[in-house]
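Down below is the structure, laid out as structure tokens.
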Amino acid sequence: MKKNYDMIVIGLGPAGMALAVMGSNMGLNVLGIEKDKLGGECLNSGCIPSKSLLKIASVRRTIAELKKYALEEIDLPLPQKPFEKVQDQLKYINEKKTAGMFDKVELLLNKGPATFVDSKTIQVAGEHYRANQIYIATGTKPFIPPIPGLDQVPTLTNENLFELEEVPSSLFIIGGGAIGCEMAQAFARLGTKVVLAHMDEHLLPMADTEAAHLLEEELANCGVEIHNATSISKVAEKNGSINLETSAGKFSCEKLLVAAGRKPSISGLELDNAGIKYSKKGIDVDDYGRTNVPGIWAVGDCNGKALLSHAAMHQGMLSLMSSIMPFLRPFKFKYDQYLVPWSVFTEPEVAQVGKTEKELQKDGIKYEAIKANYADYGRTITDGKTVGFVKVLVSPFGKIYGATVIGEAAGEIIHEYILAMHKKIRLHDIMLMQHSFPTVALLNKRVAEIWMMKKMSNPWLQRIVTILFRGFKGS
Ligand SMILES: Cc1cc2nc3c(=O)[nH]c(=O)nc-3n(C[C@H](O)[C@H](O)[C@H](O)COP(=O)(O)OP(=O)(O)OC[C@H]3O[C@@H](n4cnc5c(N)ncnc54)[C@H](O)[C@@H]3O)c2cc1C
Ligand SMILES: NC(=O)c1ccc[n+]([C@@H]2O[C@H](COP(=O)([O-])OP(=O)(O)OC[C@H]3O[C@@H](n4cnc5c(N)ncnc54)[C@H](O)[C@@H]3O)[C@@H](O)[C@H]2O)c1
């Protein structure tokens, strides 16, 4: 028997959740299909467990630094089943928070993967379901690089990392992206000897180079051994240890974490049955998230446009709006009309919006880089958080091309620049806006003041100011 719906959503991570919950709240008849757990990778094996582990590790680090805060030093506590704590938190969020959002959605949870029968029909566990609009939101899986021997040894990825029973004595991480950096710091702070190696020139390959170098220094201060621009030629297991041969030397470790990027999770969907086009990068979509087949959309990480939860949710919202409107042109539903910021939750945090210096140089755009340092501000000094800077890339007239923040609360204060760039607010507007003192966000105003003061150091401007000032005083 076929069942008919207004919309079917395949995969209930951030993208699918946004679609299913918003659609059902608009009164549509929605079927949500999830082969595993509600919340997808983000909630179950990505953003949330990684932040939970980072928090435990950060508290341990604070205890190790008690002397810095004029407090008596105490023995550093050993981790007490941190992964159980992480799993308890996931269970709480899943059962008490996420599940309640789906009360108006018909759910097929844990009944098996969805596969396409044709462009309007989906099959789950032998049953057929139909809808005129079908949204694929199946996310990604860890990419395992083709390194000889890697497929013969036990590896950790984000899919099993947070289910460990014990904190390992040593961990080798392949990958210096967001996952590699966050987990390197978390495990090092929990007492693991961590070595991180990756192919790129610096950590967080997409980041501002200066911020990446500062992060590298800070991770090294936590005890992480980092090898940039390193290739790994062989991996093998012997007597319970994993041995690696790399261009930076030979290494041996108890556990090996692979965090070398992602691949789209589309195998098993039988996309060919519906004639949907895809590549290694993901399902092909246009600017609105539409596949080549009318009525079928691919939203979130599975289309390979941006591998971030907030982008996945945003795409879900935009694609749903696009499905409602008969004419798309006048509405701002194109994905690329919106900036995609990102934050990495190490200490110091790293956050970015817009272009980096490298990108502006490549595009031949002239810019000024204005920086305010955390080390020069009373609040960050009293907090003991002096590592970091706010860097804004700006045109001579204050147009903001991009901003990088590295330091305490970077992921929070970057939002001022996201809004500024989104609404075309210039740097002098930020200077003229009062910021509450002594918040970390006041560093954003300080950057704008530094920019303005730099302008005022021009001898011609100084002459004009002097004439005007004296002239008015005299009148
Ligand atoms: C360790 C780690 C930390 C991260 N931290 C952050 C962070 O701090 N901030 C951030 O923005 N992003 C972070 N990310 C990225 C973030 O998790 C993803 O961008 C986000 O989860 C993508 O959402 P999505 O809805 O597109 O897909 P997913 O969350 O991957 O959800 C896809 C869902 O589809 C289901 N599915 C797949 N195939 C089928 C099928 N055939 N039938 C039914 N169901 C199916 C899957 O089971 C899954 O539940 C992190 C990722 C990792 C791995
Ligand atoms: N805080 C966050 O927003 C956050 C946190 C974690 C993950 N994520 C998302 O998850 C995605 C995946 O993260 P990731 O860290 O796995 O990947 P990534 O794409 O960010 O980085 C990949 C890393 O793996 C290295 N690498 C790839 N192949 C290699 C090889 N053969 N040998 C050695 N090194 C190799 C690269 O040099 C690079 O350092 C990211 O795109 C990110 O958007 C976001």
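In each ligand, atom 1 is the first atom listed, and ligand 1 is the first ligand listed. Positions are given from 1, in the same order as the sequence printed here.
- Salt bridge present: Glu182 and Lys51 bring a charged side-chain N and a carboxylate O closer than 4.0 Å.
- Looking from atom 27 (O) of ligand 1 to the surrounding protein, the closest heavy atom is Gly139 CA, 3.3 Å.
- Between Val224 and Ile173 the shortest side-chain heavy-atom distance does not fall below 4.5 Å.
- Ligand 2 has a nitrogen or oxygen under 3.5 angstrom from a nitrogen or oxygen of His198.
- In this structure, Asn4 and Asn29 have side chains that are not in contact, with every pair of non-hydrogen atoms separated by 4.5 Å or more.
- Among protein heavy atoms, the minimum distance from atom 3 (C) of ligand 1 is reached at Gly46 C, 3.3 Å.
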Candidate pair Lys111 and Glu127, rule salt bridge (Lys or Arg N to Asp or Glu O under 4.0 Å), full reasoning: CA-CA 10 Å; Lys111 298 270 191 302; Glu127 293 279 329; over 6 Å; no
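- Applying the 4.0 Å criterion to heavy atoms of Leu307 picks out, from ligand 1, the atoms 15 (C), 19 (O).
- Atom 35 (C) of ligand 1 has its nearest heavy-atom neighbour, among Glu34, Lys35, Met17, in Glu34.
- For ligand 1, the polar-atom distance check against Phe345 finds no nitrogen or oxygen pair separated by under 3.5 Å.
- Ligand 1 places these atoms under 4.0 Å from at least one heavy atom of Ala114: 40 (C), 41 (N), 42 (N), 43 (C).
- Considering only non-hydrogen atoms, atom 35 (C) of ligand 2 lies nearest to Met199 out of Met199, Met206, His202, Glu201.
- Listed by atom number, the atoms of ligand 2 under 4.0 Å from Asp200 heavy atoms are 36 (C), 37 (O), 38 (C), 39 (O).
- Between Gly268 and ligand 1 there is no heavy-atom distance shorter than 4.0 Å.
- Listed by atom number, the atoms of ligand 1 under 4.0 Å from Ile33 heavy atoms are 43 (C), 44 (N).
- Remark: among candidates Ser50, Pro145, Gly177, the nearest residue to atom 31 (N) of ligand 2 is Pro145, based on non-hydrogen atoms.
- Residue, atom and distance of the protein heavy atom nearest to atom 44 (C) of ligand 2 are Ala178 CB, 3.8 Å.
- Numbered from 1 in the order shown, with element, the atoms of ligand 1 that lie under 4.0 Å from a heavy atom of Ile10 read 40 (C), 42 (N), 43 (C).
- Residue contact check: Gly175 has heavy atoms under 4.0 Å from atoms 23 (C), 24 (O), 25 (C), 39 (O) of ligand 2.
- Numbered from 1 in the order shown, with element, the atoms of ligand 2 that lie under 4.0 Å from a heavy atom of Gly176 read 23 (C), 38 (C), 39 (O).
- The atoms of ligand 2 that sit less than 4.0 Å from any heavy atom of Gly261 are 14 (P), 16 (O), 17 (O), 19 (O), 22 (C).
- At the shortest separation from atom 17 (O) of ligand 1 among protein heavy atoms lies Glu41 OE1, 3.1 Å.
- Val21 has its side chain within reach of Asn25: a pair of non-hydrogen atoms, C-beta onward, lies under 4.5 Å apart.
- Near Phe345, meaning under 4.0 Å from one of its heavy atoms, ligand 2 places the atoms 1 (N).
- Listed by atom number, the atoms of ligand 1 under 4.0 Å from Gly300 heavy atoms are 26 (O).
- Under the side-chain contact (heavy atoms from CB on, under 4.5 Å) rule, Tyr129 has a single partner from Ile134, Ile8, Val117, which is Ile8.
- In terms of protein heavy-atom proximity, atom 20 (C) of ligand 1 is closest to Ser309 OG, 3.5 Å.
- Numbered from 1 in the order shown, with element, the atoms of ligand 2 that lie under 4.0 Å from a heavy atom of Arg262 read 11 (C), 12 (C).
- Two residues are said to be in side-chain contact when any heavy atoms from C-beta on lie closer than 4.5 Å; Val440 and Tyr374 meet this criterion.
- At the shortest separation from atom 25 (O) of ligand 1 among protein heavy atoms lies Ala15 N, 2.9 Å.
- Which parts of ligand 1 touch Leu269 is read off a 4.0 Å heavy-atom cut-off, strictly below it: atoms 41 (N).
- Within the 4.0 Å heavy-atom criterion, neither part of Leu203 lies near ligand 2.
- Atoms of ligand 1 lying under 4.0 Å from at least one heavy atom of Ala312, given by number and element, are 23 (O), 26 (O).
- In terms of N/O distances under 3.5 Å, ligand 1 is approached by Asp301.
- Given atom 3 (O) of ligand 2, the protein heavy atom at minimum distance is Ser343 O, 3.1 Å.
- At under 3.5 Å, a nitrogen or oxygen of Cys42, whether backbone or side chain, sits near a nitrogen or oxygen of ligand 1.
- When Ile147, Val235, Leu161, Thr155 are each tested for a side-chain contact (heavy atoms from CB on, under 4.5 Å) with Val258, only one passes: Thr155.
- With a 4.0 Å heavy-atom cut-off, ligand 1 is reached by no atom of Trp342.
- For the residue pair Asn44 and Gly39, the shortest heavy atom distance occurs at ND2-C, 3.8 Å.
- With a 4.0 Å heavy-atom cut-off, ligand 1 is reached by the backbone of Ala137 but not by any atom from C-beta on.
- Using a 4.0 Å cut-off between heavy atoms, Lys51 contacts ligand 1 through its side chain alone, with no backbone atom that close.
- Rounded to the nearest 0.5 angstrom, Ile324 CD1 and Ser319 OG are separated by 11.0 Å.
- Two residues are said to be in side-chain contact when any heavy atoms from C-beta on lie closer than 4.5 Å; Asp272 and Phe116 fail this criterion.
- Within the listing of ligand 1, atoms 3 (C) sit less than 4.0 angstrom from a heavy atom of Ser50.
- With a 4.0 Å cut-off on non-hydrogen atoms, Asn158 touches ligand 1 through its side chain and not its backbone.
- Those atoms of ligand 2 with a heavy atom of Val344 less than 4.0 angstrom away are 1 (N).
- One finds the CD atom of Glu347 at 6.0 Å from the CD atom of Gln185 (value rounded to the nearest 0.5 Å).
- Under a 4.0 Å criterion applied to the non-hydrogen atoms of Leu307, ligand 2 contributes the atoms 9 (C), 41 (O), 42 (C), 43 (O).
- Here the CD1-NZ distance, from Ile10 to Lys35, works out to 11.5 Å after rounding to the nearest 0.5 Å.
- For the residues Ile232, Ile179, Leu150, Ile147, the heavy atom positioned nearest atom 7 (C) of ligand 2 is part of Ile179.
- Of the protein's non-hydrogen atoms, Ala260 CB, 3.9 Å is the one closest to atom 26 (N) of ligand 2.
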